[in-house]
Amino acid sequence: MKRALRPNLINSLSTSFSSSLPQQHKLPSLHFHTNIKAHFVAKLQTCKDLASATSTHSNIVKFGFSNDTFAANHLINCYLRLFRIDNAQKLFDEMPQRNVVSWTSLMAGYVGLDQANMALCLFRQMQGTVVLPNEFTFATLINACSILVNLEIGRRLHALVEVSGLQSNLVACSSLVDMYGKCNHVVEARLIFDSMCTRNVVSWTSMITTYSQNAQGHTALQLFKEFNHSGLDRPNHFMLSSAINTCASLGSLSDGKITHGVVIRLGQDASDVIASALVDMYAKCGCVNYSAKVFRRISIPSVIPYTSMIVGAAKYGLGTLSLQLFQEMVVRSIKPNDVTFVGVLHACSHSGLVDKGLELLNSMNGKYGVIPDAKHYTCVADMLGRVGRIEEAYELAKSVQVEGDARAMLWGTILSASRLYGRVDIALEASNRILESNPEVDGAYVTLVNAYALAGDWENAHNLRSEMKHTGVYKEPGSSWIEVKEPT
DNA sequence: ATAGGGTTAG
């Protein structure tokens, strides 16, 4: 095997370099060296599978480039593209000389694999070296803070950005705008946006999204308009999706139609991402028939527009349409994901197709390879609860392992159903589990009081209410207890 | 060579 591999490689190299090699008599070895390295790097950039990555890796070692930082950085990035963070980390650990690209690449790799914390750890390690962070390093780290909603570290990085003299840097500032926005600090995001000396589509999109995600949709749309009149650039599909999404969150059909008009004028209506946003927007603005129109114009819809349409139809009680669409995507071999199943399960729930819903839940993993999680169980528990199949809902909830807020949600659903059907025993059980999952939830206290009261256990109800007053979680009786999580 | 923004659920 190995014997065959090496001559082949040398053959392929000599053919690719045969035209340049003979002319370079003076420095043949040096040029061969440079060219062969370029060849390996080119190979790494187009690597599609682990086998070719590892074979190129071993060739890099064989040809004596194992200590070459440039080649190793390419290898790291190649492994990261193939989602092999373990290989990338191992290589990184073995590098004798790491530069800022080595560090930043590995950090970005962790962020991309939902391990934003690891990126921050790496930065701490990096600070113990002589390598200095650049704008890309900061952008990657600030992005990690956005994902983690970690304002504290975000602020520290902001300070470091300033110390490093990058306070007007486009890339660093755009990520700061995004970070402050994701941490709900709109004013600070805007201050940075205003302080930037150059802005591009990305920075404007970050600012628009910040307003949109912080319940200031009108300001977001105003900024979108401002950008369009500024003549700086044309909005791209990122900015357009954000604007459409803003209209959806506002529930404003008129703004939605105007934005749809902008999309058409810019010739962006063929974009899958934009179409998904439009389908969702029309459904949220009360026009599911428009959603259907947009959806049917997509030639090959991916799982996202399919899901948007399934969810939209489900909300309008068009359960049969949702299920038809689901069937259609299965026939077209478009793989449903976890969100798609939330949609179809909702459809079953809202249209009273209970047994169909149960059948779907049970076939999710085996037939479609999607492992049901808390949100699916909550959905099905709600479906069973609505039609009074409380026992089954209760058994289902007991059978699943869920933690934290998701657990409170699941048992909140059981609680709601058991109250509705007067099952005080199960209501009590559910209240207790909500308390176990999340003791800070004041709504659960109220519910527990209600449950005790319902059961006629007034003494316990009274005691608990005093305890609540004591711990400061008291809520006036009669207020809504369904709000498990209040917006901050 | 490395980087920043967007789309489906609750």
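All chains are named by letter (A, B, ...) in the order of the sequence lines, taking the proteins before the strands, and each is independently numbered beginning at 1.
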| query | Atom CG of A:Leu325 to atom P of B:dA9: distance rounded to whole Å? | reply | 15 Å
| Pairing of A:Glu226 and A:Arg199 as salt bridge, 4.0 angstrom limit | no
| Spacing of CZ belonging to A:Phe238 relative to OG belonging to A:Ser271, to within rounding of 0.5 Å | 9.5 Å
| task | Take atom OH of A:Tyr282 and atom P of B:dT8, then tell me their distance rounded to the nearest Å. | result | 15 Å
| Does a side-chain N-to-carboxylate-O contact under 4.0 Å join A:Glu188 and A:Arg155? | yes
| Of all the choices, B:dG4, B:dT8, B:dG6, which nucleotide is nearest to the side chain of A:His237 once you look at every atom? | B:dG6
| query | For A:Val201, which contact category applies under a 4.0 Å heavy-atom criterion: base, sugar-phosphate, or nothing? | reply | base
| message | Rounded to whole Å, please give me the gap between CD1 in A:Ile304 and P in B:dT8. | response | 8 Å
| request: Using atom CE of A:Met329 as one end and atom P of B:dT8 as the other, report the distance to the nearest whole Å. | output: 15 Å
| query | Base, sugar-phosphate alone, or nothing: which one does A:Val171 contact when heavy atoms must sit under 4.0 Å apart? | reply | base
| request: Output the single nucleotide from B:dT2, B:dA1, B:dG6 whose closest atom is nearest the side chain of A:His74. | output: B:dA1
| remark: Considering only heavy side-chain atoms of A:Val339, the closest of B:dG4, B:dT8, B:dT2 is B:dT8
| field | Under-4.0 Å salt bridge between A:Lys284 and A:Asp280 | value | yes
| remark: Between A:Ser174 and A:Leu170, the two heavy atoms sitting closest are OG-O, 2.8 Å
| request: Using atom CG of A:Leu345 as one end and atom P of B:dA9 as the other, report the distance to the nearest whole Å. | output: 14 Å
| said: Can you measure A:Asp233 atom CG to B:dG5 atom C1' for me and round it to whole angstrom units? | reply: 13 Å
| task | Assign A:Asn200 to base, sugar-phosphate, or nothing according to its heavy-atom contacts below 4.0 angstrom with the strands shown. | result | base
| note | Side-chain contact check for A:Lys284: nearest option of B:dA9, B:dA1, B:dG5 is B:dA9
| field | Per A:Lys315 side chain, nearest of listed nucleotides B:dG10, B:dT8, B:dG6 | value | B:dG10
| message | Quick check for you: among B:dA1, B:dG4, B:dA9, whose closest atom lies nearest to any side-chain atom of A:Asp280? | response | B:dA9
| Side-chain ion pair, A:Asp405 and A:Arg407, N-O less than 4.0 Å | no
| request: In whole angstrom, give the distance that lies between atom NE2 of A:His376 and atom P of B:dA9. | output: 13 Å
| Which is true for A:Leu240 with a 4.0 Å heavy-atom rule: it touches a base, it touches only sugar-phosphate, or it touches nothing? | nothing
| query | Among B:dT8, B:dT2, B:dG4, which nucleotide sits nearest the side chain of A:Ser308? | reply | B:dT8
| task | Mind checking A:Val342 for me? I need base, sugar-phosphate or nothing, with any heavy atom below 4.0 Å counting as a touch. | result | sugar-phosphate
| said: Looking at the base of B:dA1, is there any donor atom on it, or on the side chain of A:Asn73, that sits under 3.5 Å from an acceptor on the other one? | reply: yes
| request: Write down the distance between CZ (A:Phe238) and P (B:dA3), rounded to a whole number of angstrom. | output: 13 Å
| Is any side-chain N or O of A:Lys375 closer than 4.0 Å to OP1 or OP2 of B:dT8? | no
| remark: Per atom distances to the A:Ser206 side chain, the nearest of B:dT7, B:dG4, B:dG5 is B:dG5
| task | Determine the contact category for A:Asn245: base if any of its heavy atoms lies under 4.0 Å from a base atom, sugar-phosphate if only primed atoms, P, OP1 or OP2 are that close, otherwise nothing. | result | sugar-phosphate
| Which is true for A:Asn143 with a 4.0 Å heavy-atom rule: it touches a base, it touches only sugar-phosphate, or it touches nothing? | sugar-phosphate
| Ion pair present between A:Glu436 and A:Arg433, side-chain N to carboxylate O less than 4.0 angstrom? | no
| query | Looking across every strand, which nucleic acid part, if any, lies under 4.0 Å from A:Asn99 by heavy atom: base, sugar-phosphate, or nothing? | reply | base
| note | Per atom distances to the A:Asn337 side chain, the nearest of B:dT8, B:dG4, B:dA1 is B:dT8
